[in-house]
2 protein chains.
Amino acid sequence: MSLPHALLGLLAAAPATGYDLAREFESDLGRYAWQAGHASIYPELARLAARGLVEVVDQGARGSKTYDITEEGREELRSWLLRPPGEGVVRNEGVLRMFLIPALDPDDQRSALTAIAEQAAAGEAELRERLSGAPDPRRGPRRELGLLAARFGLGQYRATNDWARRALDELDARTGGDR
Amino acid sequence: MSLPHALLGLLAAAPATGYDLAREFESDLGRYAWQAGHASIYPELARLAARGLVEVVDQGARGSKTYDITEEGREELRSWLLRPPGEGVVRNEGVLRMFLIPALDPDDQRSALTAIAEQAAAGEAELRERLSGAPDPRRGPRRELGLLAARFGLGQYRATNDWARRALDELDARTGGDR
DNA sequence: TACGACATGTAAGAGGTTACATGATTCG
DNA sequence: CGAATCATGTAACCTCTTACATGTCGTA
C-alpha cells in the first residue's frame, strides 16, 4: 500500500507523466526507499485517477498524459504521512546479506565485510560530490526531495561503513589479528 | 529470491523448526532487513528440502520438524553472500515517508519530523539498553547475528535522528524560526 | 533514415500476506 | 480445564516483476 502514496507524494511536488515518475524511482527514491517499475506505475495511476486522488491535466505528444494530485489526493497523502508510523514494510537485500555474514568462515567474512565497507565508502564519496556540486537543474520542483534523500543516503553509507569496519576489527581480534 | 537465503543463513547458525525461524523474523531481522511470516516460511522450507539445501534432522512433539542446512546449502549460501552486491530489492515504508515530508505544509512537516526524531531516539535508547545488558541467553548460537543486527540498528536510528533534526533546523531557518 | 529516448500499456507468473483450519502441549 | 503457546499447513488474494507489444518524436 505504499506505491500509491509514493506517487501522490511525487505529484504533490509537481505534475508529471507516468514516464517521469518511473525515472524518479531510479534515483535515490528507489535506492533507499521504494522501488517501482513502469509496469506497476501506469496501472496505479489509473486506479488513483478512478478514485479521484489524481487527475490528467494535460495530454501531450506521443500520447503522454500529465497527472496532477487533486485536493482529495493531498488529504489522503497528508493523513498517511501524519499517521503514527506503525512498523511498515521493510525489505532490504543488502542489509540481509550483512546480517548473515557470520555464517561464513573467517576468510570469507573478511572479504565480504571489506567489499561492503568499500562499496559504502564509494557510495558516500559519490553522493558527497553530488551534494557539493551545483544543484541539478533538471530536477526543478523535486530538488528538495532529492536533497533530503541524498543526505539520508550519506548517513546510511556512513553508518554502513562504520558497521563493517567495526565488524572487521572484531573479526581480527577474534582470529588473532595476523595475516 | 532472498527468503530462501535468509532461511539458509539462519539454519547455518543452528538447526531450527519453521516456527523458530518465523519468530526470528519478528526481531531485528524483520525490523531492518527482511520480513517473512510462517505462511511463506513453511512452503519455502519444503522447497529447500526438495532441492537438497536443507534436511529434516529431527521430528519432535506436536509434529514439529527440525531443519538443518546441508553441505550443498552452505555452498549456495556462501556463493550468494560473496556475490558482488548488485542493487538488490529495497522497500522501506518508513524511509519513503521521510522522503515525502516536503509535500506537507510547514506545520505538518514540523510534527512529522519531530515524531520521527523522537521515535528514532526511543529506538536507539531501547537498543542501547539491550546491548549493555547481559546477552540474551535464549538466542544461543544466533547471538552473534543478533549482536551485529542490533549494532546496525543503533547506527540506523542515530542516522535517522540526525537527519530529522537537521531537516527541522532548516525548516525553522526557512520559515523564520519563530513560533 | 536509423537510432535512442519518450511514452504507454497488457499478460503471465513469482513472491508474499491474510485468513482459514487444525491440533498438541504446557502451565496456572 | 481453560488459555496461551507451540506447531504446521492451505487457499485466496494482492502486489510487483519480467517479458511482450506498440508507437512517436527528435536528432545525428
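Below, chains carry the letters A, B, ... as their sequence lines are ordered, and counting in each starts from 1. Keep in mind the model is a prediction, meaning the values are calculated, not measured.
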query = Given B:R78 and A:L104, is the side chain to side chain contact (heavy atoms under 4.5 Å, CB included) satisfied, shown in steps?
reply = CA-CA 7 Å; B:R78 175 173 187 268; A:L104 295 170; 3.9 Å; yes
Measure from [atom1] on [X] to [atom2] on [N] and round the result to the nearest Å.
{"X": "A:I41", "N": "D:dT15", "atom1": "CD1", "atom2": "P", "value": "15 Å"}
{"X": "B:H5", "N": "C:dG15", "atom1": "NE2", "atom2": "C1'", "value": "15 Å"}
{"X": "A:E93", "N": "D:dC16", "atom1": "CD", "atom2": "C1'", "value": "15 Å"}
{"X": "A:L48", "N": "D:dT15", "atom1": "CG", "atom2": "P", "value": "12 Å"}
{"X": "A:D58", "N": "C:dC6", "atom1": "CG", "atom2": "P", "value": "17 Å"}
{"X": "B:L21", "N": "D:dA7", "atom1": "CG", "atom2": "C1'", "value": "12 Å"}
{"X": "A:Q35", "N": "C:dG16", "atom1": "CD", "atom2": "P", "value": "13 Å"}
{"X": "B:E44", "N": "C:dG15", "atom1": "CD", "atom2": "C1'", "value": "9 Å"}

So does [Y] get a backbone contact from the side chain of [X], meaning a donor-acceptor N/O pair under 3.5 Å?
{"X": "B:R128", "Y": "B:L154", "answer": "no"}
{"X": "A:T66", "Y": "A:T17", "answer": "no"}
{"X": "B:R97", "Y": "B:N92", "answer": "no"}

ask   = Does the distance from a Lys or Arg side-chain N to an Asp or Glu carboxylate O, for B:D28 and B:R151, drop under 4.0 Å?
value = no
remark   = B:L168 meets the side chain to side chain contact (heavy atoms under 4.5 Å, CB included) criterion, sequence neighbours left out, with B:R110, B:L113, B:T114
key: Candidate pair A:E93 and B:H5, rule side-chain hydrogen bond (donor to acceptor under 3.5 Å, both in side chains), full reasoning   = CA-CA 10 Å; A:E93 199 178 316; B:H5 294 107; over 6 Å; no
ask   = Base, sugar-phosphate, or nothing for A:R47, non-hydrogen atoms under 4.0 angstrom?
value = nothing
query = When all nucleic acid strands are considered with a 4.0 Å heavy-atom cut-off, which category describes A:R91: base, sugar-phosphate, or nothing?
reply = sugar-phosphate
Full working for salt bridge (Lys or Arg N to Asp or Glu O under 4.0 Å) between A:D169 and A:R166 = CA-CA 5 Å; A:D169 285 349; A:R166 175 155 181 197; over 6 Å; no
message = If you apply the rule side chain to side chain contact (heavy atoms under 4.5 Å, CB included), what do you find for B:L10 with B:L29, and how did you get there?
response = CA-CA 10 Å; B:L10 291 172; B:L29 191 65; 3.9 Å; yes
key: the helix from C:dT1-D:dA28 to C:dG28-D:dC1: angle between end helix axes, five pairs per end, rounded to 10 degrees   = 30°
task = Determine, for nucleotides 8-14 of chain C in 5'-to-3' order, which nucleotides have protein heavy atoms under 4.0 Å from the base (write B), from only the sugar-phosphate (write S), or from neither (write -).
result = BBB----
ask   = Does A:R23 place a side-chain N or O at less than 4.0 Å from the phosphate oxygens OP1/OP2 of C:dA5?
value = no
